[in-house]
> 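There's a structure below that I have some questions on.
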Amino acid sequence: MEIYNQTSTDFILLGLFPPTRIGLFLFIVIALIFLMALFGNLSMILLIFLDTHLHTPMYFLLSQLSLIDLNYISTIVPKMASDYLSGNKSISLVGCGIQSCLFMTLGGTEALLLISMAYDRYVAICFPLHYPIRMSKRVCVLMITGSWIMGSVNSCAHTIYAFQIPYCRSRAINHFFCDVPTMLTLACMDTWVYEYTVFVSTTFFLVFPFTGIVISYGRVLHVICRMQSKEGRKKAYSTCSTHLTVVTLYYVPFAYTYLRPRSFRSPTEDKVLAVFYIILTPVLNPIIYSLRNKEVMGAVRRVIQRICFVKR
């Protein structure tokens, strides 16, 4: 290992799976989850594109969430699976930078997109008469564009800074992807300034949006409790609980990981938490939004009927 460290600029990803039967079992489970995530998110994107009943701001935002999740899990899992199957766990400096940049871009964009989805539901339930104005196509496009731009700028800034730091210790990253805070433990200089910027970014992209979502849903629940229609209350509760489930599974593990000081973090705990927001959330999003949504299930039936009609 020492010879490798001195003669190569590549990093080594230690991975998620131990070299045991349990590791093989976990690998198979993750591979199945990955395939389910690909199928689920692609299906949601195509369904929203094909069915005109779903051409609304809510489902436009949902299609963007599926697109992000599709790329999110594809950025990490294929490389992790390749490392496990081939036994070659090295990743070049450029490859590590690209993976880290994509991960932070998609992660930051999804965090901002989720608050846009919460605002959409807030306006739809609390100000239904103002919904066409407050959530017009133009506003929706601006929300999505702004989320992508802010996520990309934040990612580029972190990546450029992190990969200018000299790494003079072991090149082994104790994670299953190029996680910048984990890489900082290998740096041969004091990185407290960068760690502070990570804290600030996490607060801006995770804590503030999550706080805003909680406040908005508090007002939404207040309005729901005053609804006269039982059917309306049931539909509103279903929509809100669905979104809150997605938000909790994404924000909480993510924020808990990056807000903790380095001295309180452990590699094993970081890996387990990363599984939630990198692997589980992308597969759960399409399941939650489809199985618990009558409009989506109705769109599935319409598309299937249309396909069967064309074949006849």
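Please read all numbers here as calculations on a predicted model, not as lab measurements.
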> For residues F60 and K137, determine if any side-chain heavy atom of one lies less than 4.5 Å from a side-chain heavy atom of the other.
no

> About how many Å separate OG of S92 and CD of Q99, when rounded to the nearest 0.5 Å?
10.0 Å

> If you look at every heavy atom in P267 and N174, which pair is closest and at what distance?
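Where P267 meets N174 most closely, the heavy atoms are CB-ND2, 3.1 Å.
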
> Who pairs with V207 by side chain to side chain contact (heavy atoms under 4.5 Å, CB included), at least two apart in sequence or on another chain?
T203, T211, L259

> State, with a plain yes or no, whether a side-chain heavy atom of L16 is found less than 4.5 Å away from one of V275.
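Heavy-atom side-chain distance check passes, below 4.5 Å.
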
> Using the salt bridge (Lys or Arg N to Asp or Glu O under 4.0 Å) criterion, which residues pair with K89? Sequence neighbours excluded.
none

> Report yes if the side chains of L106 and E110 come closer than 4.5 Å at any heavy-atom pair, otherwise no.
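Result no, sub-4.5 Å side-chain heavy-atom pair not found.
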
> What is the distance from atom CG of L65 to atom OG1 of T109, rounded to the nearest 0.5 Å?
11.5 Å

> P128: which residues meet the side chain to side chain contact (heavy atoms under 4.5 Å, CB included) condition with it, sequence neighbours left out?
none

> Is there a path of hydrophobic side-chain contacts, each under 4.5 Å between heavy atoms, that joins I215 and I115?
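No, I215 does not connect to I115 through the hydrophobic network.
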
> Which heavy atom in P253 sits nearest to a heavy atom in L273, and how many Å separate them?
CB-O, 3.9 Å

> Please report the shortest heavy-atom distance between P282 and Y72, naming the atom on each side.
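The answer is CG-CD2, 4.4 Å.
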
> Can you list every pair that meets salt bridge (Lys or Arg N to Asp or Glu O under 4.0 Å) and has a residue in residues 140-151, with sequence neighbours left out?
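Applying salt bridge (Lys or Arg N to Asp or Glu O under 4.0 Å) to every pair that reaches into residues 140-151, excluding sequence neighbours, yields nothing.
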
> Got a sec, which hydrophobics cluster with V200, joining ILVMFWY side chains under 4.5 Å apart, including via others?
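So far as hydrophobic clustering goes, V200 is joined with Y196.
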
> Going through the checks in order, is the side-chain contact (heavy atoms from CB on, under 4.5 Å) test met by Y217 and R121?
CA-CA 9 Å; Y217 274 105; R121 291 301 85 204; 3.7 Å; yes

> Can you tell me how far CG of N154 sits from CZ of F205, rounded to the nearest 0.5 angstrom?
4.0 Å

> Identify whether I288 and M117 are in the same connected component of the hydrophobic contact network (ILVMFWY, side-chain heavy atoms under 4.5 Å).
yes

> T20: what forms a side chain to side chain contact (heavy atoms under 4.5 Å, CB included) with it, not counting sequence neighbours?
P18, I22

> Could you check whether any side-chain N or O of D51 sits under 3.5 Å from a backbone N or O of L47, counting only pairs where one atom can act as donor and the other as acceptor?
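No, the answer is negative, given that no donor and acceptor are paired below the 3.5 Å cut-off.
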
> Can you give the donor-acceptor pairs under 3.5 Å from side chains of residues 79-88 to other protein atoms, not counting sequence neighbours?
residue, atom, partner, partner atom, Å
K79, NZ, D83, OD1, 3.0
K79, NZ, S90, O, 3.0
Y84, OH, L24, N, 3.4
S86, OG, S82, O, 2.7
S86, OG, N88, N, 3.2
N88, OD1, S90, N, 3.4
N88, OD1, S90, OG, 2.9

> In residues 140-149, what donor-acceptor pairs under 3.5 Å come from side-chain atoms, sequence neighbours left out?
residue, atom, partner, partner atom, Å
T145, OG1, V141, O, 2.8
S147, OG, M143, O, 2.9
W148, NE1, Q64, OE1, 3.1

> Any side-chain heavy atom of Y258 sitting closer than 4.5 Å to one from F199?
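They are not in contact (no side-chain heavy atoms under 4.5 Å apart), so the answer is no.
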
> Just so I know, are the side chains of C178 and M183 near enough to count as touching, which here means a heavy-atom distance under 4.5 Å?
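The answer is yes; the side chains approach within 4.5 Å.
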
> Can you measure from CD1 (I279) to CD1 (I33) and round to the nearest 0.5 angstrom?
7.0 Å

> What I'd like to find out is whether the side chain of V198 reaches to under 4.5 Å of the side chain of H158, using heavy atoms alone.
yes

> Evaluate the side-chain proximity of H175 to L13: yes if any heavy-atom separation is below 4.5 Å, no if none is.
no

> Once side chain to side chain contact (heavy atoms under 4.5 Å, CB included) is applied, do any residues pair with L38, and if so which ones, sequence neighbours excluded?
F34, L70, S74

> Which heavy-atom pair separates D10 from L93 by the least distance, and what is that distance?
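Closest heavy-atom pair between D10 and L93: OD1-N, 4.2 Å.
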
> Flag the pair L61 / D120 as yes when at least one side-chain heavy-atom distance between them is below 4.5 Å, and no otherwise.
yes

> Could you pull out all residues at least two apart from F127 that satisfy ring pair (Phe, Tyr, Trp, His ring centres under 6.0 Å)?
Y122

> Would you call the rings of Y277 and F103 parallel, tilted or perpendicular, taking 30° and 60° as the class edges?
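Geometry flag for F103 against Y277: tilted rings.
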
> Hey, is the main chain of C96 close enough, under 3.5 Å, to the side chain of S100 for a donor-acceptor pair?
no

> Checking the side chain of H55 only, and the main-chain atoms of I48 only, is there a donor and an acceptor separated by less than 3.5 Å?
yes

> Taking atom OH as the centre, does Y161 end up with more than 12 heavy-atom neighbours from other residues, nucleotides or ligands that are less than 6.0 angstrom away?
yes

> Which is it for M104 and V180 under the side-chain contact (heavy atoms from CB on, under 4.5 Å) test, yes or no, and what are the steps along the way?
CA-CA 9 Å; M104 286 188 284; V180 172; 4.0 Å; yes

> Give a yes/no on whether the SG-to-SG distance for C156 versus C101 is below 2.5 Å.
no

> Nearest heavy-atom pair of N41 and S66: which atoms, and what distance?
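Looking at all heavy atoms of both residues, the shortest contact is OD1-CA, 3.3 Å.
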
> With sequence neighbours left out, write down each residue that passes side chain to side chain donor-acceptor pair (under 3.5 Å) with S155, or none if nothing qualifies.
T105

> Would you give the length of the straight line joining atom CG of L186 to atom CZ of F11, rounded to the nearest 0.5 angstrom?
6.5 Å

> Side-chain heavy atoms under 4.5 angstrom apart, residues restricted to Ile, Leu, Val, Met, Phe, Trp, Tyr: same cluster for F208 and Y119?
no

> Does the pair I30 and F17 meet the rule for a side-chain contact (heavy atoms from CB on, under 4.5 Å), with working shown?
CA-CA 10 Å; I30 296 296; F17 313 112; 3.8 Å; yes

> If hydrophobic clusters are built from ILVMFWY residues whose side chains come within less than 4.5 Å, do L102 and M150 share one?
no

> Is it possible for you to say whether L62 and I287 belong to one hydrophobic cluster, with membership spreading through side-chain heavy-atom contacts below 4.5 Å?
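Per the 4.5 Å side-chain linkage, L62 and I287 are co-clustered.
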
> Could you give all pairs that pass the salt bridge (Lys or Arg N to Asp or Glu O under 4.0 Å) test and reach residues 265-283, with sequence neighbours left out?
D179-R265, R260-E269, R260-D270, R265-D270

> Drop me the distance from M44's CE to L67's CG, to the nearest 0.5 angstrom.
12.5 Å

> With under 30° as parallel and over 60° as perpendicular, where do the rings of F210 and Y251 fit, or are they tilted in between?
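Answer is tilted, since the angle falls between 30° and 60°.
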
> Please find the pair of heavy atoms, one from P57 and one from Y131, that lie closest to each other, and give the distance.
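In terms of heavy atoms, the two residues are closest at CB-OH, 3.6 Å.
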
> Donor-acceptor check, side chain of T281 to backbone of F276, threshold 3.5 angstrom: yes or no?
yes

